[in-house]
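As the structure lists them, so they are numbered: ligands from 1, and atoms in each ligand from 1. Quick note: numbers below take in every heavy atom, side chains included, and nothing from hydrogens, waters or symmetry partners.
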Amino acid sequence: MELDHEVIVIGGGAAGLSAAVALARSRRSVLVIDAGQPRNAPAEGVHNFLSRDGIAPRDLTAAGRAEVRHYGGAVRDGRATTAERIDGGFAVNLSDGSRVTARRLVVTTGVVDELPDIDGLREFWGRWVLHCPYCHGWEVRDQPIAVIATSPASVHQALLFSQLTDEITLVEHSFVPDAEARSLLAGAGVTVLEASVQRVEAEGSSINGLRLENGSLLPVRAVVVSPRSVAHGSLLTSLGIETVPHPSGFGDYVEVDPLGQSAVPGVYLAGNVTDLSAQVMGAAAAGTRAGAAVNIDLVTTDAREKVVG
Ligand SMILES: Cc1cc2nc3c(=O)[nH]c(=O)nc-3n(C[C@H](O)[C@H](O)[C@H](O)COP(=O)(O)OP(=O)(O)OC[C@H]3O[C@@H](n4cnc5c(N)ncnc54)[C@H](O)[C@@H]3O)c2cc1C
């Protein structure tokens, strides 16, 4: 059976585009299907990406798409809904009703960040509502910052953000740190406030505080939350790929071997879908590795078939 491509990469963020470049440069026929919503899209710029500091997330993916095309790969806007095994490979079904086929799949669909259910958080997510000190801590340095505590990860975040500002408050919204954590927070200069948060108060495009359930305003310029980052969707389910809770409690992910091969032969994964803490560079590196793994898989499969006849 003639297939449309050798490899289909589902998800065109840093991981998927890097996998596709590695494959296209190995003269593989590769198609990237991308829904165009990288996880960091709400942020103004990408940081901790050596040589591209501050680049807008969509400019980074646009540059990656151009590199894939430069080497003969194809990129298509769209959403893969399901995929199934067929003779010699896989068929991928898209939400527009079309269907494409390939010998191998690379799934780089990332994660969805579930935020605490508090008014205003989603609106300012990635701009003034943050989770990662390394990504955007510098941009809010020396500002008053509140950490909305919802899990042990909030203590970790408060400690890290204390490196960036002296005015930091951990609000015990739905998580109360134990004695050991409290002594660490005190040592790091973090104020702990027993209160629960009602909503984020904004002034134009900026935050000016957290309105607390007791009616008072905690004046802050940035808010730190701990999302649950979840890999899920009909695509993974249709392929028989299971997500499992990450031991850190940060969310759900898919376990793969060091090269990105999943429990389903022929399906590789890379980026946040398999590594919740991967930043852009880490996701890109994992994508390159998965692309290379697919290439050697195809090289050896074809060589073996020729020898066997
Ligand atoms: C607010 C925020 C700011 C961040 N800032 C930084 C930073 O400054 N520096 C840094 O290094 N990291 C940062 N990160 C982390 C960064 O976003 C991730 O490391 C990176 O996006 C992971 O890349 P990925 O390719 O695995 O997934 P993504 O970049 O999320 O890409 C996945 C792609 O797959 C697509 N997709 C999903 N499902 C389907 C489907 N079924 N069919 C087709 N396409 C699909 C999505 O639309 C998306 O385009 C930030 C994260 C957040 C949440």
Side-chain angles (χ1 to χ4, degrees), residues 8-21 31-58 60-62 64-65 75-83 92-96 98 100 105-115 121-122 124-140 222-239 241 250-251 253-254 256 260 269-288 290-291:
I8 296 175
V9 177
I10 306 173
L17 292 167
S18 300
V21 167
L31 169 69
V32 179
I33 301 169
D34 182 33
Q37 290 296 322
R39 182 183 174 206
N40 55 350
E44 273 197 348
V46 180
H47 298 287
N48 278 327
F49 193 104
L50 204 61
S51 83
R52 294 289 178 278
D53 183 53
I55 187 172
R58 288 191 196 285
L60 186 68
T61 49
R65 283 179 171 215
V75 183
R76 174 173 170 181
D77 292 318
R79 180 169 288 277
T81 50
T82 56
V92 177
N93 302 302
L94 280 76
S95 57
D96 63 5
S98 61
V100 275
L105 296 184
V106 181
V107 179
T108 46
T109 44
V111 289
V112 172
D113 292 300
E114 297 173 351
L115 304 185
L121 285 184
R122 181 59 70 182
F124 291 99
W125 172 236
R127 187 74 187 95
W128 302 116
V129 175
L130 311 169
H131 74 303
C132 165
Y134 303 107
C135 302
H136 303 291
W138 173 266
E139 283 62 42
V140 295
V223 175
V224 175
V225 294
S226 171
R228 257 185 69 75
S229 305
V230 182
H232 63 80
S234 56
L235 177 72
L236 294 174
T237 315
S238 66
L239 282 163
I241 292 175
F250 289 169
Y253 77 124
V254 179
V256 291
L269 294 95
N272 275 163
V273 69
T274 70
D275 180 356
L276 299 180
S277 61
Q279 292 196 292
V280 173
M281 281 190 119
T288 304

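- With a 4.5 Å cut-off on side-chain heavy atoms, Leu105 and Leu239 count as touching.
- For Trp125, every heavy-atom contact with ligand 1 shorter than 4.0 Å involves the side chain, none the backbone.
- Ligand 1 has an N or O atom lying under 3.5 Å from an N or O atom of Asn272, backbone or side chain.
- Residue Ala14 has at least one N or O atom closer than 3.5 Å to an N or O atom of ligand 1.
- In terms of protein heavy-atom proximity, atom 14 (N) of ligand 1 is closest to Cys135 SG, 3.9 Å.
- If you look at Thr108 next to ligand 1, the close heavy atoms, those under 4.0 Å, all belong to the backbone.
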Derivation of the salt bridge (Lys or Arg N to Asp or Glu O under 4.0 Å) call for Asp96 and Arg79: CA-CA 8 Å; Asp96 63 5; Arg79 180 169 288 277; over 6 Å; no
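- Of the protein's non-hydrogen atoms, the one nearest atom 17 (O) of ligand 1 is Asn40 CB, 3.2 Å.
- At least one N or O atom of Val280, backbone or side chain, sits closer than 3.5 Å to an N or O atom of ligand 1.
- Of the polar atoms of Asn48, none of the N or O atoms is found under 3.5 Å from an N or O of ligand 1, judged by distance alone.
- In this structure, atom 44 (N) of ligand 1 lies nearest to the protein heavy atom Ala35 N, 3.0 Å.
- Using a 4.0 Å cutoff on heavy atoms, Gly78 counts as a contact of ligand 1.
- Nearest to atom 42 (N) of ligand 1 among the protein's heavy atoms is Ala80 N, 2.9 Å.
- Residues Asp113 and Arg228 have side chains not in contact (no heavy-atom distance under 4.5 Å, counting atoms from C-beta outward).
- Heavy atoms of Gly36 approach ligand 1 to within less than 4.0 angstrom.
- Among Glu139, His47, Arg39, the residue whose heavy atom sits closest to atom 8 (O) of ligand 1 is His47.
- Here the protein heavy atom with the shortest distance to atom 5 (N) of ligand 1 is His136 NE2, 3.0 Å.
- Checked against a 3.5 angstrom limit, the closest N/O atoms of Asp34 and ligand 1 fall inside it.
- Legend: residues meeting side-chain contact (heavy atoms from CB on, under 4.5 Å) with Glu139, ordered by chain and number and at least two apart, are His47, His136.
- Proximity of Ile33 to Val100: side-chain heavy atoms (C-beta onward) are separated by under 4.5 Å at one or more points.
- At a threshold of 4.5 Å between non-hydrogen side-chain atoms, the residues Cys132 and Gln279 count as touching.
- With a heavy-atom cut-off of 4.0 Å, Thr61 does not touch ligand 1 at all.
- Thr288 is not listed as a side-chain neighbour of Val21, based on a closest heavy-atom distance of 4.5 Å or more.
- Annotation: side chain of Glu114 is in contact with side chain of Val230 (closest heavy-atom distance under 4.5 Å).
- Residue contacts with ligand 1 include Gly12, since one or more of its heavy atoms lies under 4.0 Å from the ligand.
- A heavy-atom separation below 4.0 Å is not found between Pro57 and ligand 1.
- Side-chain contact, Asp275 with Ser277: a donor N or O sits under 3.5 Å from an acceptor N or O.
- Protein heavy atom in closest approach to atom 19 (O) of ligand 1: Ala278 O, 2.7 Å.
- The two residues Thr82 and Ser234 come nearest to each other via the heavy atoms CG2-O, 4.4 Å.
- Scanning the protein for heavy atoms near atom 23 (O) of ligand 1, the closest one is Ala283 CB, 3.5 Å.
- Counting only heavy atoms of the protein, atom 51 (C) of ligand 1 lies nearest to His131 CE1, 3.7 Å.
- Here's the thing with Ala15: one of its N/O atoms is less than 3.5 angstrom from an N/O atom of ligand 1.
- Under a 4.0 angstrom heavy-atom cut-off, Pro42 registers as lying outside contact with ligand 1.
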